[in-house]
Amino acid sequence: PIRLADGQFGHDMLHAVSGLNREAADWWVNILSLPSTILRTGVTAAPDFIGANFLRDQLSAWVLTRDFVPFYDGARGIYSDLALRDVSRIYARAGGIMGGSNVAAQHESRVKREVLQLRRKGIRFTLNPFTRDFWRMTEFAETGTRLAVFERASERAKKDGLQDWEATVEAAYTARDYIDFGRRGSRMLAARRLIPFFNAALQGLDREVRGLRGKISEDRILQEAISPYIKSRTGQPLSLVERKNKSRATRVFAYMTMLGMLGI
């Protein structure tokens with residue numbers, strides 16, 4: 001927060017910042033996105049979705065991040081979120097994502113500005129505790145997974161020699177990059193609102209590709225990710241780079257096999 005001597009300039013700056021992405025608020029887009037919003041809200045609030053999403057998150061975090069122990073770390077993360085442990089407060093202070101794609105779709109600065117406008121008009125309201133707790137329940141499963149990823153990444157960063165705050169920033173980025181619902185291009189704002197879970201699907205695929213190979217500029221990512229393991233098993237000669245990547249290729253092949261069997 002900053003305080004500016006020129007009141008009008010400060011007022012204009014506030015509305016410029018809180019009005020970012022206003023092109024997504026076109027009234028046609030608002031009308032056309034209503035069915036998508038209803039569908040997305042209904043899906044994310046369904047109890048069976050919450051359970052299935054937690055299961056998927058455990059497997060995804062196990063594949064895409066280091067040192068993550070499925071279900072054990074997830075349960076620890078949920079407890080940290082519900083009990084508001086120190087790691088939960090540090091995670092929130094570092095800008096971690098709370099909840100899933102439905103929550104991330106809200107523009108926080110705009111919501112705060114509209115609440116203040118209602119208050120200036122004399123309109124005040126309180127959230128029903130049952131409603132508040134229900135929506136909290138729809139978020140904790142995914143937030144718990146991210147908290148566990150954050151805690152593991154923070155511990156790893158400190159072992160690598162980073163200071164507390166540096167480790168926190170590194171861990172917050174790792175937990176956000178696990179799948180970042182707020183990451184999108186400037187031309188995707190309308191599509192993100194009109195097609196339910198479209199951006200989440202794109203970000204998930206992009207993160208999986210980057211996790212397998214470390215880059216997204218080639219079309220043979222999967223083949224190159226597992227070829228050192230296949231070559232070593234079949235007795236083919238390995239290059240120096242392939243020898244270096246053999247352990248990762250073995251791990252990727254094992255992940256793919258186990259996830260494939262679960263999928264079947």
Side-chain angles (χ1 to χ4, degrees), residues 52-78 80 87 91 94 96-97 141-181 183 200-264:
N53 195 49
F54 178 72
L55 174 62
R56 286 192 296 266
D57 282 344
Q58 297 309 292
L59 298 177
S60 297
W62 175 57
V63 171
L64 296 175
T65 64
R66 290 171 53 191
D67 307 328
F68 186 87
V69 181
F71 302 106
Y72 171 74
D73 279 348
R76 286 182 58 203
I78 290 176
S80 297
V87 64
Y91 175 73
I97 297 177
E142 184 169 335
T143 304
T145 302
R146 291 184 185 274
L147 270 174
V149 172
F150 172 81
E151 190 168 11
R152 289 286 188 182
S154 178
E155 293 170 355
R156 189 167 59 248
K158 290 178 182 178
K159 289 180 181 178
D160 290 340
L162 296 184
Q163 299 298 319
D164 287 349
W165 175 244
E166 296 171 335
T168 298
V169 173
E170 175 73 15
Y173 171 77
T174 302
R176 174 180 287 272
D177 189 55
Y178 157 65
I179 177 170
D180 191 351
F181 297 114
R183 181 174 179 256
L202 288 180
Q203 298 306 327
L205 179 61
D206 172 75
R207 181 62 183 88
E208 182 179 5
V209 167
R210 289 189 288 116
L212 285 175
R213 190 66 181 89
K215 55 184 176 180
I216 59 174
S217 59
E218 298 181 3
D219 57 358
R220 296 188 301 168
I221 293 166
L222 187 57
Q223 177 183 341
E224 293 186 2
I226 65 174
S227 61
Y229 172 76
I230 301 297
K231 284 186 176 182
S232 67
R233 294 290 294 177
T234 56
Q236 301 180 49
L238 300 178
S239 67
L240 291 176
V241 174
E242 288 174 332
R243 289 177 185 174
K244 182 179 179 180
N245 293 332
K246 180 182 173 182
S247 61
R248 185 183 65 181
T250 304
R251 188 169 63 251
V252 169
F253 186 83
Y255 287 158
M256 289 174 53
T257 302
M258 284 184 274
L259 292 177
M261 293 301 296
L262 286 172
I264 291 174

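The two residues Glu242 and Ser227 make their nearest non-hydrogen contact at OE2-OG, 4.4 Å. Taking every heavy atom of both residues into account, Ala167 and Leu162 meet most closely at N-CB, 4.0 Å. Residues Tyr91 and Ala175 approach most closely at CE1-CB, 3.8 Å, considering heavy atoms. Taking every heavy atom of both residues into account, Thr234 and Gln236 meet most closely at OG1-NE2, 3.0 Å. Considering every non-hydrogen atom in both Trp62 and Phe68, the closest pair reads CD1-O, 3.5 Å.
Every pair tested for ring pair (Phe, Tyr, Trp, His ring centres under 6.0 Å) that includes a residue from residues 152-171 fails, sequence neighbours excluded, so the list is empty.
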- [ ] Go through the steps for Arg251 and Arg248 under the test side-chain contact (heavy atoms from CB on, under 4.5 Å), then give the verdict.
- [x] CA-CA 5 Å; Arg251 188 169 63 251; Arg248 185 183 65 181; 3.6 Å; yes
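For Tyr173, the OH atom sits in a loose shell: 12 or fewer heavy atoms of surrounding residues, nucleotides or ligands are nearer than 6.0 Å.
Here NZ of Lys159 is found 9.5 Å from CZ of Arg156. Values are rounded to the nearest 0.5 Å. To the nearest 0.5 Å, atom OG1 of residue Thr145 and atom CD1 of residue Ile78 are 6.5 Å apart. Distance check, rounded to the nearest 0.5 Å: CG of Asn245 to CG of Leu240 gives 11.0 Å. Put simply, CZ on Arg146 and CZ on Arg176 are 8.0 Å apart, with the number rounded to the nearest 0.5 Å. To the nearest 0.5 Å, atom OH of residue Tyr229 and atom CE of residue Met256 are 11.5 Å apart.
Not counting sequence neighbours, Phe54 has no partner by the ring pair (Phe, Tyr, Trp, His ring centres under 6.0 Å) test.
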Side-chain donor-acceptor contacts of residues 147-154 below 3.5 Å, not counting sequence neighbours, with atom names and distances?
from: Glu151; atom 1: OE1; to: Arg76; atom 2: NH2; distance (Å): 3.4
from: Glu151; atom 1: OE2; to: Arg76; atom 2: NH2; distance (Å): 3.2
from: Arg152; atom 1: NE; to: Asp67; atom 2: O; distance (Å): 3.3
from: Arg152; atom 1: NE; to: Asp73; atom 2: OD2; distance (Å): 2.9
from: Arg152; atom 1: NH2; to: Asp73; atom 2: OD1; distance (Å): 3.0
from: Arg152; atom 1: NH2; to: Asp73; atom 2: OD2; distance (Å): 3.3

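In this structure, Phe253 and Arg233 have side chains that are not in contact, with every pair of non-hydrogen atoms separated by 4.5 Å or more.
A distance-only check finds a donor-acceptor pair linking the side chain of Gln58 to the backbone of Phe71 [under 3.5 Å].
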